[in-house]
Structures are given as structure tokens and as C-alpha cells.
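Order of the sequence lines sets the chain letters (A, B, ...), proteins ahead of strands, with each chain counted from 1.
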2 protein chains.
Amino acid sequence: MSPSPEKRAVVRLPRAERMHQIESAARKLFHKHGYTAARISEIAADAGISEAAIYKFYSNKRDLLHTLLKDWYMGMLDDFYEKLEGVEGARNRIKVIIWQHLKSIRECPDLCRLFYSEVRSMPDYYDTELYELNRRYTLVLVDVVKTGIASGELRPDTSSALVRDVIFGGIEHRVTPFLMGRSDIDIDEMSSQLCDLVCQGICTPDAGQDMDRLMARLERVADRLDGKAKGG
Amino acid sequence: MSPSPEKRAVVRLPRAERMHQIESAARKLFHKHGYTAARISEIAADAGISEAAIYKFYSNKRDLLHTLLKDWYMGMLDDFYEKLEGVEGARNRIKVIIWQHLKSIRECPDLCRLFYSEVRSMPDYYDTELYELNRRYTLVLVDVVKTGIASGELRPDTSSALVRDVIFGGIEHRVTPFLMGRSDIDIDEMSSQLCDLVCQGICTPDAGQDMDRLMARLERVADRLDGKAKGG
DNA sequence: TGCCCTTAGTGAGTATGATTTACTTAATCC
DNA sequence: GGATTAAGTAAATCATACTCACTAAGGGCA
């Protein structure tokens with residue numbers, strides 16, 4: 001005689017609260033297994049509901065992912081504006097942006113990695129809200145560079161878009177081992193190094209030619225002085 | 001009366017030839033639909049065989065992808081060594097590397113995009129042959145930078161790894177719209193701009209002021225000496 | 001010439017996991 | 001306290017990578 005099938009009591013929660021549980025579970029399991037390998041069934045179980053219930057809140061698995069990432073991006077955007085307030089000078093502002101971006105990555109490497117690997121490279125990325133958010137985010141740096149050019153602090157032939165790509169692309173490559181869990185990062189050091197590289201470049205300054213002329217001239221002057229002193 | 005089921009004649013090809021057909025089909029369809037959306041069934045049909053036959057040559061769909069990309073990478077690596085031959089000076093060599101990398105991307109944007117989106121961000125990337133190939137590829141630049149530091153052409157405090165990440169990461173971001181089919185790229189202009197940025201930085205050189213003052217002062221001193229010499 | 005053996009190739013599955021459908025029932029509002 | 005809304009479910013459906021057990025082409029060799 002088999003026991004009557006015990007159905008566990010169905011617990012109902014208000015929409016916002018349940019969504020929060022689902023998103024926590026999703027974040028945890030996306031982190032643990034990666035987006036593709038994370039199972040909707042496992043997310044549902046972790047959130048205390050059935051698989052089908054997920055689709056009451058999100059149109060599909062990818063929509064759930066985007067919801068997580070939109071929240072993250074909006075927070076980062078707020079941080080940018082807040083931290084830049086009162087900072088003067090293109091170079092200082094660039095450094096703050098780099099530092100702040102690194103800090104956001106350090107705080108949420110799981111979300112950052114999902115963004116890099118699952119969102120940005122999808123065929124329809126340019127139609128998503130995340131693309132729009134990312135554009136606004138990187139625009140902050142572009143504007144700083146343009147202002148710096150206008151003020152004369154930055155070279156007039158600087159391409160602001162190239163600076164944006166070099167900084168955000170450079171950071172992405174630089175933090176990849178950290179995102180893969182293979183190393184840690186030192187935000188202060190990394191932001192200093194990157195800011196210096198972008199601002200000064202890597203070549204030893206070739207004031208060379210001016211310097212040669214200056215030196216030659218100085219030698220001649222010195223010789224004459226020596227000659228006079230001896231002769232006098 | 002239904003006609004007897006006509007089975008099309010099975011065409012057999014030597015292993016290498018069939019693999020070539022499969023890889024052509026795979027490349028075409030990965031490009032057309034993206035890796036995930038490309039169907040093994042469609043690849044098989046395009047290559048003129050059944051689905052199951054694919055698995056005689058590749059252990060799975062991902063293995064097929066990696067085979068395509070390994071070939072591409074090996075070709076790029078050869079190009080690097082060839083084109084660098086006879087080029088002197090860190091800055092010139094860096095520029096050649098940037099130019100050559102852009103050219104490889106321009107020639108095979110489909111493969112490049114697959115590499116960025118489907119390979120590099122996978123959890124097991126570090127265990128793949130492609131990781132090893134990529135390491136060898138980027139090492140060429142790292143060695144050039146190190147040599148440039150040793151020769152005094154590059155600043156002694158330059159981080160070669162940072163330069164590598166800024167260049168390859170910057171390029172990746174810079175070419176993304178092109179890879180998505182939304183723009184074209186000008187290899188010559190892009191390589192010049194990027195090389196200049198990395199080598200000189202974006203700040204207006206401010207050794208300028210000191211140097212100008214120094215030079216002016218020396219000129220005045222020299223003039224006075226000249227004047228005295230003439231007058232005496 | 002005819003047999004053997006290697007291997008290209010196949011048809012018919014299996015397994016897995018996202019999404020849909022049709023339904024149930026708790027909470028809330030008048 | 002009945003109607004309405006919305007949270008939730010069980011059980012299908014569907015798509016697709018991959019496996020299994022098998023067939024047969026064709027080159028080498030007695």
C-alpha cells in the first residue's frame with residue numbers, strides 16, 4: 001500500500017519578493033555552472049518553485065540573465081557620476097573612471113564575466129537595453145576625453161573612441177585571469193599603471209633632438225667661457 | 001503503389017577530403033547562424049553526409065569549432081614571424097604586429113568572432129590547445145616590448161603584460177562593430193593611431209615648457225657672450 | 001579473381017533541458 | 001461570500017546533440 005502522494009504545501013509570495021528569490025538563485029547557479037550549464041530546473045528548485053513558474057516572471061532564460069545584469073549596470077552608472085563629482089582635470093578623471101570600473105569588476109566578477117561571455121557577443125546585442133546602458137557607461141569616459149582635448153590638456157589629434165576602446169578593452173583582457181578565478185587583482189596598482197600608459201605612452205620621451213641641439217650649444221658656450229677664462 | 005524507397009548512392013571520400021568538406025560547411029553555417037544556432041544536421045547535409053558521420057571525425061560540435069580555429073591561429077602565427085623579419089626598433093615592430101593582427105581579423109572576421117565569443121570565455125579555455133596557441137601569439141608582442149625596454153627605447157617601468165592587454169584588448173573592442181557587420185575598418189589608420197597612442201600617450205607633452213625656458217635662457221646667455229666677443 | 005579487412009557511412013534511436021499548455025487554488029477586493 | 005486576479009503546478013512538447021548497431025565500398029593480397 002503506497003502512501004497517498006504528499007503534496008508539499010504551495011507557498012505563495014508577492015511578485016517582487018519571489019522575483020528576488022529567483023534572481024538570487026539564478027545568480028548563484030550561473031556563477032557555479034556558467035549560463036549554459038545552469039539548469040532552469042535547478043534555479044527553480046533553489047527559489048522554491050516549479051520550473052514553469054519561472055516563466056511567469058521572465059520570458060525566457062536569457063531574459064532572466066539580462067535582468068540581473070541591468071541592475072548591476074545601473075548601479076555602476078550611478079557610482080561613476082557620484083565618484084567623478086568634484087574631480088578636476090582630464091587625467092585625474094580618467095584615473096577615477098579606471099579605478100571605479102576595476103572596483104565594480106572586483107565586487108561582482110560573476111556578473112562581469114556573464115556580461116563579457118554571454119551578452120556582448122550575441123547577434124542581437126545591439127538591440128538590447130544592456131547595449132544602451134553600456135553605451136551610456138562608456139560615454140562618460142568619452143566625454144571626459146573630449147573635454148580634455150578642448151582644454152588643451154590632451155593632444156588635439158586624440159581619438160576619444162580609441163581611448164575608450166583601449167581602456168575598457170585593456171581592462172577586460174587584464175582582468176580575465178581574475179574573472180576565471182586564477183589570480184587576484186590590485187586595483188590601485190593596475191589603475192595607476194594603465195592611466196600612466198594611456199597618458200604618457202611607453203616610449204622614452206624623445207625630446208632627443210632638442211636636447212642634442214641644446215647640449216651642443218651649451219658645450220660651445222662653455223668652451224668659449226673656458227677659453228676666455230684661461231686667456232684672460 | 002508507392003515507389004520503392006530510393007536510397008541515394010552513398011558517396012565515399014578519403015578522410016582528409018571529407019573533413020575539408022565538413023569544415024567548409026561548418027564555417028559557412030557558424031558564420032550564417034552563429035555557433036549555437038548552427039545545426040549539426042544542416043552542416044552534415046551541406047557536407048553531403050548524415051549527422052552521425054560528423055562524429056566519425058570530430059568528438060563533438062565544439063571540437064569541430066576548435067579545429068577550424070586552430071588552423072586559423074597557426075596561419076596567423078606564421079604570418080607574424082614572417083612579417084617581423086628584418087623590422088628594426090621596438091616601435092616599428094609593435095606597429096607591424098598591430099597591423100598584421102588587424103589584417104588577420106579583416107580577412108577572417110567570422111573566425112575571429114567565433115574565437116572571441118565561443119572559445120575564450122569558456123570555463124575550460126585554459127586547458128585547450130587554442131589557449132596555448134593564443135599565448136604563443138601574444139608572446140611575440142611581449143618579447144618585442146621586453147627587448148625595447150632592454151635597449152632603452154621603451155620606458156624601464158613599462159609592464160609588458162599591460163601593453164599586451166591594452167593592444168589586443170583595445171583592438172578587440174575597436175573591431176567589434178566590424179565583426180558584427182556594422183562598419184568597415186581602415187587598417188592603416190587604425191594601426192597608426194593605436195601605435196601612436198601606446199607609444200606617446202594622449203597627454204600634451206609637458207616637458208615642453210621646461211625645455212623652452214631652458215633653451216631661451218641659453219640663447220640669451222650665448223648672445224651676450226657673442227656680443228662681448230664681437231665687441232671686445 | 002575473389003576474399004578480407006579497414007573504415008566511411010547510415011537509420012533509428014536516446015537523453016536532456018527549455019518552453020508551453022491547461023489547469024488549480026490562495027489571496028484580495030468589493 | 002462570490003468574483004476576480006494572479007501565483008503556482010504537473011505533464012506534455014519539442015528541439016537537437018550525440019550514440020548504437022549495423023551496412024557496404026574498395027584497396028591489398030593470395
Side-chain angles (χ1 to χ4, degrees), chain A residues 2-26 28-30 32-68 114 118-119 122-124, chain B residues 2 4-26 29-30 32-68 114 118-119 122-124:
Chain A
S2 53
S4 67
E6 323 196 9
K7 50 173 68 174
R8 73 193 144 116
V10 171
V11 181
R12 288 192 183 196
L13 291 182
R15 190 175 179 82
E17 202 170 322
R18 182 64 81 194
M19 286 179 83
H20 184 259
Q21 290 203 327
I22 295 172
E23 285 163 31
S24 294
K28 184 169 100 186
L29 292 164
F30 286 159
K32 192 167 169 190
H33 307 297
Y35 173 76
T36 308
R39 301 297 163 214
I40 289 282
S41 53
E42 201 180 350
I43 294 171
D46 197 280
I49 50 172
S50 72
E51 254 174 282
I54 300 265
Y55 295 90
K56 287 280 196 267
F57 307 102
Y58 311 94
S59 56
N60 51 44
K61 191 180 177 185
R62 193 152 286 275
D63 180 35
L64 172 55
L65 172 69
H66 278 230
T67 302
L68 292 180
L114 286 167
E118 295 296 337
V119 173
M122 292 300 145
D124 61 346
Chain B
S2 52
S4 67
E6 323 194 10
K7 51 173 67 171
R8 72 192 144 116
V10 171
V11 181
R12 288 196 182 194
L13 292 182
R15 187 175 181 84
E17 203 171 322
R18 184 62 83 193
M19 287 179 82
H20 184 259
Q21 290 204 328
I22 295 173
E23 285 163 32
S24 294
L29 292 164
F30 286 159
K32 191 167 171 190
H33 307 297
Y35 173 77
T36 308
R39 302 298 161 211
I40 289 283
S41 53
E42 202 181 351
I43 293 170
D46 197 278
I49 50 172
S50 70
E51 252 178 281
I54 300 267
Y55 296 91
K56 287 278 196 269
F57 307 101
Y58 311 94
S59 56
N60 51 44
K61 192 181 177 184
R62 183 142 246 114
D63 180 35
L64 173 54
L65 172 69
H66 278 230
T67 302
L68 293 180
L114 286 167
E118 294 298 337
V119 173
M122 292 301 144
D124 60 346

Below 4.0 Å: OP1/OP2 of C:dT16 and any side-chain N or O of A:R39: no

Flag side-chain contact, heavy atom, 4.5 Å: B:K56 against B:R18: no

Separation of atom CD in B:E51 from atom C1' in C:dT14, rounded to whole Å: 13 Å

Separation of C:dA18 P from A:E42 CD (nearest whole Å): 10 Å

Could you list all N or O pairs between the protein and nucleotides 3-9 of chain C that sit under 3.5 Å apart?
unit_1	atom_1	unit_2	atom_2	d
C:dA8	OP2	B:R15	NH1	3.2
C:dA8	N3	B:R12	NH2	3.1
C:dG9	OP1	B:V11	O	2.9
C:dG9	OP1	B:L13	N	3.1
C:dG9	OP1	B:R18	NE	2.9
C:dG9	OP1	B:R18	NH2	2.5
C:dG9	OP2	B:R18	NE	3.1
C:dG9	O6	B:K56	NZ	3.0

Closest approach of B:D63 to B:Y58 (non-hydrogen atoms, all atoms of both residues): OD2-CA, 3.4 Å

More than 12 heavy atoms of other groups within 6.0 Å of B:H33 NE2: yes

Validation row: A:I49, A:I22 side chains within 4.5 angstrom (heavy atoms): yes

Residue closer to the 5' end of DNA chain C, B:I54 versus A:K61 (nearest nucleotide): B:I54

Rounded interatomic separation in angstrom, taking OH from B:Y35 and P from D:dT16: 14 Å

Distance, rounded to the nearest Å, where B:D63 contributes CG and D:dA17 contributes P: 15 Å

Length of the line joining B:I22:CD1 and C:dT10:P, which is rounded to integer Å: 10 Å

Cationic N near anionic O, under 4.0 Å, A:R39 to A:E51: no

Under 3.5 Å donor-acceptor, B:K61 side chain and B:T36 backbone: yes

Touch class at under 4.0 angstrom, heavy-atom based, for B:A38 against every strand present: sugar-phosphate

Rounded distance (Å) that lies between atom P of C:dA18 and atom CG of A:L65: 13 Å

Nearest-angstrom distance from the residue atom OH of B:Y58 to P of D:dA17: 16 Å

B:Y55 side-chain proximity, nearest of D:dA17, C:dA18, C:dT10: D:dA17

Pairwise side-chain contact, A:I43 with A:F30, heavy-atom cut-off 4.5 Å (strictly under): yes

d(CE, A:M19; P, D:dA6) in whole Å: 14 Å

